[in-house]
Undergrad: 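Got a structure here, written out as structure tokens. Questions coming.
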Amino acid sequence: MHILILGGTAEARALAGLLHPHARVTSSLAGRVANPRLPVGEVRIGGFGGADGLARWIGEHGVDRVIDATHPFAERISSNAAAAAAVAHVPLLALRRPGWVPVEGDDWRDVGSLEEAAAALDGLGWGHLPGRSPRGRVFLTTGRMGLAAFAGCPQWFLVRSVDAPEPPMPARTEVLLDRGPFTVDGERELLHRHRIDVLVTKDSGAAATAPKLEAAREAGVPVVMIRRPPAPQGVETAAFPEEAAARVLGRAES
């Protein structure tokens, strides 16, 4: 059995490790990260050329099953995967880690897009706080893509990403190149050192980047949380790599 795993997430790497002893596994990475962490098994890097290109690749390489283990915000890739699997007549399973859930003490603003997140900043004022800028200091952890949505914002931004972002971006920006997993102590120190007033992030649900939420809760820093886009309808889903592997291997053995 040949399984194609889409995505370079930690869950995708874990799933490849679970499946590799039992099947031929090819992991496809988008190639947006300069030095990605590679999974076991075969690896291809780069796009397919849309849903039609992916469907052709599936047929040409004898793929028996596709697993969409991309980032929860990789909406276009997930849509292409659903369309390609239908054309190629192969089963598709989406691996979607659970999203974050606010707990007591959290101060979250729920928004539906990067543009809504940028607009939400205007409603948050910090000039009355000791040592705070009237315009605010924003810790932006939405990745290096999509910074154009914040380009017109007057706030100061600390942008953390794995690779260096490209313009357009906010005029007052400091870039921090770093890769998780992060610790609560580290995130606590970062918020204090940069005098952060608000955290803007996507609901990725990743445990490796969750410590920033605990640090923000402790510091009383509000969080602008960007909701996930809806997943393609009719696609079977699993929450964890172990669950996905059990479903795929169970079906293969039946």
Undergrad: In terms of hydrophobic clusters joined by side-chain contacts under 4.5 Å, are Trp100 and Phe240 together?
TA: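 Different clusters.
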Undergrad: Determine, stepwise, if the pair Glu189 / Arg193 fulfils salt bridge (charged side-chain N to carboxylate O under 4.0 Å, His left out).
TA: CA-CA 6 Å; Glu189 192 277 333; Arg193 172 162 42 96; 2.9 Å; yes
Undergrad: So, using ring-ring contact (aromatic ring centres under 6.0 Å, His included) as the criterion, who are the partners of Phe139 when residues are at least two apart?
TA: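 Partners of Phe139 under the ring-ring contact (aromatic ring centres under 6.0 Å, His included) test: none.
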Undergrad: Looking only at heavy atoms, what is the nearest atom pair of Thr9 and Ala69, with distance?
TA: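 Taking every non-hydrogen atom into account, OG1-O, 2.8 Å.
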Undergrad: So, Ser204 and His71: side-chain donor and acceptor under 3.5 Å apart, yes or no?
TA: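 Ser204 vs His71: no donor-acceptor pair found between side chains.
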Undergrad: I need the minimum non-hydrogen distance between Val111 and Ala120, along with the two atoms involved.
TA: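 Nearest heavy atoms, Val111 then Ala120: CG1-CB, 4.3 Å.
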Undergrad: Distance check, rounded to the nearest 0.5 Å: Leu121 atom CG versus Glu116 atom CD?
TA: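 The CD atom of Glu116 is 12.0 Å from CG of Leu121, to the nearest 0.5 Å.
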Undergrad: For the residue pair His2 and Gly62, what are the closest heavy atoms and their distance?
TA: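 For His2 versus Gly62, the nearest heavy atoms are CB-O, 3.4 Å.
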Undergrad: Following the transitive rule for hydrophobic clusters with a side-chain heavy-atom cut-off under 4.5 Å over Ile, Leu, Val, Met, Phe, Trp and Tyr, establish whether Met169 and Val198 coincide in one cluster.
TA: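 Yes; Val198 is reachable from Met169 via cluster members.
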Undergrad: State yes or no: do Leu191 and Trp108 share one hydrophobic cluster built from I, L, V, M, F, W and Y residues joined by side-chain heavy-atom distances below 4.5 Å, directly or via other members?
TA: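 In one cluster with Leu191: Trp108, yes.
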Undergrad: Measuring from Glu11:CD to Ile67:CD1, what's the distance to the nearest 0.5 Å?
TA: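 Atom-to-atom, Glu11:CD and Ile67:CD1 are 13.0 Å apart.
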Undergrad: Please write out which residues are connected to Ile45 in a hydrophobic cluster, directly or through intermediates, given that two of Ile, Leu, Val, Met, Phe, Trp, Tyr count as joined at side-chain heavy-atom separations below 4.5 angstrom.
TA: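 Under the 4.5 Å side-chain rule, Ile45 groups with Leu29, Leu38, Val43.
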Undergrad: Under 3.5 Å, side chain of Arg195 to main-chain N/O of Arg137, donor-acceptor pair present?
TA: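 It does not hold such a pair.
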Undergrad: What's in the same ILVMFWY side-chain cluster as Leu54, cut-off under 4.5 Å, chained through other members?
TA: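 Listed partners: Leu4, Leu6, Phe48, Trp57, Ile58, Val63, Val66, Val90, Leu92, Val235.
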Undergrad: Test of understanding: with salt bridge (charged side-chain N to carboxylate O under 4.0 Å, His left out), list the residues that count as partners of Glu243, not counting sequence neighbours.
TA: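 Partners of Glu243 under the salt bridge (charged side-chain N to carboxylate O under 4.0 Å, His left out) test: Arg247.
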Undergrad: Let's go through His194 and Leu176 carefully: what are the C-alpha distance in whole Å and the side-chain angles of both, what is the deciding distance for side chain to side chain contact (heavy atoms under 4.5 Å, CB included) to 0.1 Å, and is it a yes or a no?
TA: CA-CA 11 Å; His194 292 280; Leu176 173 62; 5.5 Å; no
Undergrad: Give a yes or no on whether Arg76 atom CZ has more than 12 heavy-atom contacts from other residues, nucleotides or ligands under 6.0 Å away.
TA: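 Count not over threshold, so no.
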Undergrad: Between atom CG of Leu213 and atom CE of Met225, what is the distance when rounded to the nearest 0.5 Å?
TA: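 Rounded to the nearest 0.5 Å, the CG-CE separation comes to 5.0 Å.
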Undergrad: Taking CD in Glu60 as the centre, count heavy atoms belonging to other residues, nucleotides or ligands within less than 6.0 Å. Is the count above 12?
TA: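 More than 12 heavy atoms, drawn from other residues, nucleotides or ligands, come within 6.0 Å of this atom.
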Undergrad: Can you check whether Ile5 reaches Leu19 side chain to side chain, under 4.5 Å on heavy atoms?
TA: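 When only atoms from C-beta onward are counted, Leu19 and Ile5 do touch, with a gap below 4.5 Å.
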Undergrad: Indicate the atoms forming the closest heavy-atom contact of Met1 with Ala23, along with that distance.
TA: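 Met1 and Ala23 have their closest heavy atoms at O-CB, 3.4 Å.
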Undergrad: Hey, what do you get for CG (Asp203) to CZ (Arg97), rounding to the nearest 0.5 Å?
TA: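 Reported value, rounded in 0.5 Å steps: 9.5 Å.
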Undergrad: Go through the steps to decide whether Val25 and Val40 satisfy the test side chain to side chain contact (heavy atoms under 4.5 Å, CB included), and finish with yes or no.
TA: CA-CA 8 Å; Val25 177; Val40 298; over 6 Å; no
Undergrad: Which residue pairs pass the side chain to side chain donor-acceptor pair (under 3.5 Å) test when at least one of the two sits in residues 219-228, sequence neighbours left out?
TA: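 Passing the test, one end in residues 219-228: Asp110-Arg227.
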Undergrad: So which residues get pulled into Met145's cluster when ILVMFWY side chains under 4.5 Å apart are joined, directly or through others?
TA: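 Direct or chained contacts put Met145 with none.
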Undergrad: Report the residues that fulfil side-chain contact (heavy atoms from CB on, under 4.5 Å) with Thr183, sequence neighbours left out, ordered by chain and then residue number.
TA: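 Result, side-chain contact (heavy atoms from CB on, under 4.5 Å) vs Thr183: Asp185.
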Undergrad: On a heavy-atom basis, which atom in Leu199 and which in Ala216 lie closest, and how many Å separate them?
TA: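 Of all heavy-atom pairs spanning Leu199 and Ala216, the closest is CD2-CB, 4.3 Å.
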Undergrad: What do you reckon, is NE2 of His61 surrounded by more than 12 foreign heavy atoms closer than 6.0 Å?
TA: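 More than 12 heavy atoms, drawn from other residues, nucleotides or ligands, come within 6.0 Å of this atom.
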Undergrad: Does some side-chain heavy atom of Pro170 sit less than 4.5 Å from a side-chain heavy atom of Gln155?
TA: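 Contact flag for Gln155/Pro170 side chains = no.
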Undergrad: Of all residues at least two apart in sequence or in a different chain, which pass the side-chain hydrogen bond (donor to acceptor under 3.5 Å, both in side chains) check with Arg96?
TA: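 In terms of side-chain hydrogen bond (donor to acceptor under 3.5 Å, both in side chains), with neighbours along the sequence ignored, Arg96 is linked to Asp68, Ser78.
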Undergrad: With sequence neighbours left out, write down each residue that passes ring-ring contact (aromatic ring centres under 6.0 Å, His included) with Phe157, or none if nothing qualifies.
TA: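 Result, ring-ring contact (aromatic ring centres under 6.0 Å, His included) vs Phe157: Phe150.
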Undergrad: With heavy-atom distances below 4.5 Å as the criterion, would you say the side chains of Leu177 and Ser161 are in contact?
TA: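 Touching, per the 4.5 Å side-chain cut-off.
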Undergrad: Once salt bridge (charged side-chain N to carboxylate O under 4.0 Å, His left out) is applied, do any residues pair with Glu42, and if so which ones, sequence neighbours excluded?
TA: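 With sequence neighbours excluded, Glu42 shows a salt bridge (charged side-chain N to carboxylate O under 4.0 Å, His left out) to Arg24, given in chain and number order.
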Undergrad: Tell me whether Leu93 shares a hydrophobic cluster with Leu249, the cluster being built from Ile, Leu, Val, Met, Phe, Trp, Tyr side chains joined at under 4.5 Å.
TA: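 In one cluster: yes.
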Undergrad: Find the distance between NZ (Lys202) and CZ (Phe73) and round it off to the nearest 0.5 Å.
TA: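 So the gap between those two atoms works out to 6.0 Å.
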Undergrad: Is the shortest side-chain heavy-atom distance between Leu190 and Arg160 below 4.5 Å?
TA: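 Sidechains of Arg160 and Leu190: in contact.
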Undergrad: Quick check on the hydrophobic clustering: are Leu158 and Phe182 connected, directly or via other members, by side-chain heavy-atom contacts under 4.5 Å?
TA: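 Different clusters.
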Undergrad: Keeping Thr141 on the side-chain end and Val159 on the backbone end, is there a donor-acceptor pair under 3.5 Å?
TA: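 No; judged by distance alone, with no hydrogens or angles, the pair does not exist.
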Undergrad: Identify the heavy atoms of Val175 and Pro165 that sit nearest to each other, and give their distance.
TA: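 In terms of heavy atoms, the two residues are closest at CG1-CD, 3.6 Å.
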Undergrad: State which residues pass salt bridge (charged side-chain N to carboxylate O under 4.0 Å, His left out) with Asp106; sequence neighbours excluded, sorted by chain then number.
TA: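 In terms of salt bridge (charged side-chain N to carboxylate O under 4.0 Å, His left out), with neighbours along the sequence ignored, Asp106 is linked to Arg217.
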Undergrad: State which residues pass salt bridge (charged side-chain N to carboxylate O under 4.0 Å, His left out) with Glu214; sequence neighbours excluded, sorted by chain then number.
TA: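 Salt bridge (charged side-chain N to carboxylate O under 4.0 Å, His left out) list for Glu214, sorted by chain: empty.
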Undergrad: Quick one: CH2 on Trp156 to CG on Leu140, what's the gap to the nearest 0.5 Å?
TA: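 One gets 11.0 Å once the value is rounded to the nearest 0.5 Å.
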